[in-house]
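Let me begin by presenting the structure, written as structure tokens, before commenting on it.
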Amino acid sequence: MQYRQAKTGKLLIDILPNKCDFCGCCVGVCPEDAIELKEAEIYIIDSRCTNCSKCIWACPIEVIKFDKEGVPEKQVNK
Amino acid sequence: MKEEYDIIVVGAGPAGTIAAQYAAKEGSSVLVLEKDRDVGYPVRCAEAINREGLEAFIKPDPKWINAEITKFGFVAPNGKKVIIDLGKVEGYMLERRIFDYELAKIASEAGAEILTRTYVNGLILEDGKVTGVKYEFRGQQMEVRAKIVIGADGVESRVGKWAGLETCVDFRDMECCFQVTAANVQCDQDTLFFYFGKEVAPEGYFWVFPKGEGTANIGLGVSGGIGKKRSALSYLNSNLEKFFPTANILTQVAGGVPSVITLEEIAAPGIMLVGDAARQVNPLSGGGISSGMIGGSIAGKLAAQSIKNNNLNYIKKYPKEWHKARGKKHKILDKLKDGIYSFTDEQFNKLIESLIKLPSKKRTIGRFFIIALANKPSLLKEIVKVFVI
Ligand SMILES: Cc1cc2nc3c(=O)[nH]c(=O)nc-3n(C[C@H](O)[C@H](O)[C@H](O)COP(=O)(O)OP(=O)(O)OC[C@H]3O[C@@H](n4cnc5c(N)ncnc54)[C@H](O)[C@@H]3O)c2cc1C
Ligand code: SF4
Ligand code: SF4
């Protein structure tokens with residue numbers, strides 16, 4: 001299994017500069033068990049993620065975003 | 001530390017440590033594994049608990065009680081406020097940092113071992129049965145065996161998934177929260193305040209809970225469906241500006257509440273789920289401390305009994321016992337939640353208005369819901385059940 005500190009690639013979790021609060025909302029809604037959450041580390045398990053966006057919607061502090069090739073982070077006014 | 005335990009509990013929140021305590025008291029060997037370095041910290045919680053729910057498990061102690069609650073306050077979207085006086089202490093504000101720690105201490109006094117900074121990252125599965133956990137400790141990958149694993153790993157639970165249970169929360173049912181603890185807040189120290197409305201916290205509520213001496217937990221939850229458009233943090237920032245512009249923020253924290261009915265399956269061979277991991281939160285209020293402790297106590301006791309009787313099938317009783325104790329009620333509360341979430345601001349205003357008109361002695365939480373339901377007659381039948389159960 002490939003673990004990746006998700007800073008590059010199709011789905012981006014911007015934990016820099018220390019934005020993630022490690023609250024677990026994203027893990028609770030992820031249908032693919034694709035997020036690894038430790039005390040103060042977060043990873044996307046690349047091979048499992050389907051880019052469904054649910055983690056982005058559930059994040060209370062807008063930490064998870066797709067990168068440029070993906071979908072905008074919040075669908076404001078939609 | 002042994003190579004094998006009767007019971008391993010993953011997660012040292014209130015559900016986990018109560019499960020550990022109840023199992024250890026019945027004579028089982030118990031190990032609790034917690035990923036964080038401290039039990040009870042960070043506090044992802046508004047820290048309110050109802051009196052009965054607390055006192056069923058532990059005698060209130062000023063060491064971890066910040067305020068005694070005798071009133072509820074509801075604030076309508078138009079700013080009108082109504083206070084419901086409960087007449088006596090019906091709830092407490094906890095200091096969970098100390099409370100959770102105390103529960104862990106009691107579990108350890110009952111004989112459970114607790115290991116922090118231990119990240120569980122897999123299960124040992126044999127013949128379709130859970131027989132232990134894999135974990136990371138000080139950079140090393142390790143394993144420990146158990147007859148029964150209790151998953152008490154909170155909203156971010158993965159233990160159930162690994163055992164093949166369906167635990168994923170629909171993002172629309174996840175209450176995505178952000179909370180600050182702030183000083184310089186003018187609020188009554190005996191009242192829990194709930195604010196409603198599309199501006200304030202759509203599909204959720206904004207809370208101001210007293211924490212003693214001019215401090216309060218101020219936070220909100222919005223559903224993931226709302227979070228799709230605007231985050232909890234953004235709502236909270238505007239609420240703080242509007243209602244508490246002079247508050248000094250001491251701590252801030254994000255969190256999630258799985259506001260759903262309990263999972264269909266909370267037990268399988270060698271595994272039980274408790275607390276937020278089992279989705280045992282009261283889906284209407286989002287309160288999960290007392291219901292998690294109830295789930296934990298039932299599971300801990302049954303797990304120990306099955307070990308004692310050398311019959312692991314005993315744990316099959318767990319879903320039924322939980323359903324009887326709380327699960328049934330949660331189904332009704334969940335329907336109420338759906339009803340109230342669909343309220344327009346106008347309906348909220350009308351509801352609070354009709355409560356204000358009542359003499360204060362006649363204002364009760366029950367009446368709050370009854371009036372709420374007068375707007376939604378289809379739910380009336382359900383609410384009656386809540387009061388009958
Ligand atoms: C903002 C907010 C406000 C709330 N307000 C209230 C309130 O006022 N009243 C109320 O009753 N409830 C409230 N709740 C809900 C309440 O906090 C939870 O229901 C309660 O903490 C659940 O207890 P638990 O033991 O199931 O899980 P938790 O307390 O979440 O404990 C789970 C533990 O498991 C650990 N863990 C997770 N994964 C692993 C792993 N892989 N390995 C090892 N350890 C792991 C975690 O670190 C954590 O310590 C609130 C929740 C939030 C988010
Ligand atoms: S929901 Fe957001 S803040 Fe919470 S753990 Fe996931 S990425 Fe971090
Ligand atoms: S995009 Fe979907 S599958 Fe990928 S991590 Fe987020 S929730 Fe999981």
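Only a predicted model underlies this, so the values are computations on that prediction, with no experimental measurement involved. The chains referred to below are lettered A, B, ... by the order of the sequence lines, with proteins before strands, and numbering in each begins at 1.
The two atoms that bring B/R37 and A/E39 nearest to each other are N-OE2, 2.9 Å, heavy atoms only. The minimum heavy-atom distance linking A/C30 with B/K161 is given by the pair O-NZ, 3.3 Å. Between B/R279 and A/G28, the shortest heavy-atom contact is NH2-O, 4.2 Å.
When the side chain to side chain contact (heavy atoms under 4.5 Å, CB included) test is applied to B/D334, the partners found at least two apart in sequence or on another chain are B/I261, B/P283, B/K337, B/D338. For B/A152, the side chain to side chain contact (heavy atoms under 4.5 Å, CB included) partners are B/V9, B/V274, not counting sequence neighbours.
Residues B/W162 and A/D33 have side chains in contact (heavy-atom distance under 4.5 Å, counting atoms from C-beta outward). Looking at B/K35 and A/F22, their side chains never come closer than 4.5 Å, going by heavy atoms from C-beta outward. With a 4.5 Å cut-off on side-chain heavy atoms, A/C26 and B/E156 do not count as touching.
Interatomic distance, CD1 of A/I61 versus CG of B/L236, reported as 12.0 Å (0.5 Å rounding). Summarising the geometry, atom CD belonging to B/Q252 is positioned 8.5 Å from atom CG belonging to A/D21; distances are rounded to the nearest 0.5 Å. A distance of 11.0 Å separates NZ of B/K228 from CD1 of A/I56, quoted to the nearest 0.5 Å.
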### Task
Could you walk me through whether B/R158 and A/L37 pass side chain to side chain contact (heavy atoms under 4.5 Å, CB included), step by step?
CA-CA 10 Å; B/R158 295 171 69 206; A/L37 176 72; over 6 Å; no
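At a heavy-atom separation below 4.5 angstrom, chain A is approached by B/V253, B/A254, B/G255, B/G256 within residues 253-260 of chain B.
Side-chain N/O atoms of A/E41 and B/Y119 include no donor and acceptor closer than 3.5 Å.
Under a cut-off of 6.0 angstrom, the local environment of OH in B/Y205 is crowded, with over 12 non-hydrogen atoms contributed by other residues, nucleotides or ligands. In the displayed structure, B/Q141 atom CD is contacted under 6.0 Å by more than 12 heavy atoms of other residues, nucleotides or ligands.
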Atom pairs and distances, side-chain donor-acceptor, residues 166-177 of chain B, under 3.5 Å, sequence neighbours left out:
{"from": "B/D170", "atom 1": "OD1", "to": "B/R172", "atom 2": "N", "distance (Å)": "2.8"}
{"from": "B/D170", "atom 1": "OD1", "to": "B/R172", "atom 2": "NE", "distance (Å)": "3.0"}
{"from": "B/D170", "atom 1": "OD1", "to": "B/R172", "atom 2": "NH2", "distance (Å)": "3.4"}
{"from": "B/D170", "atom 1": "OD2", "to": "B/R172", "atom 2": "NH2", "distance (Å)": "2.9"}
{"from": "B/E175", "atom 1": "OE2", "to": "B/Y341", "atom 2": "OH", "distance (Å)": "2.6"}

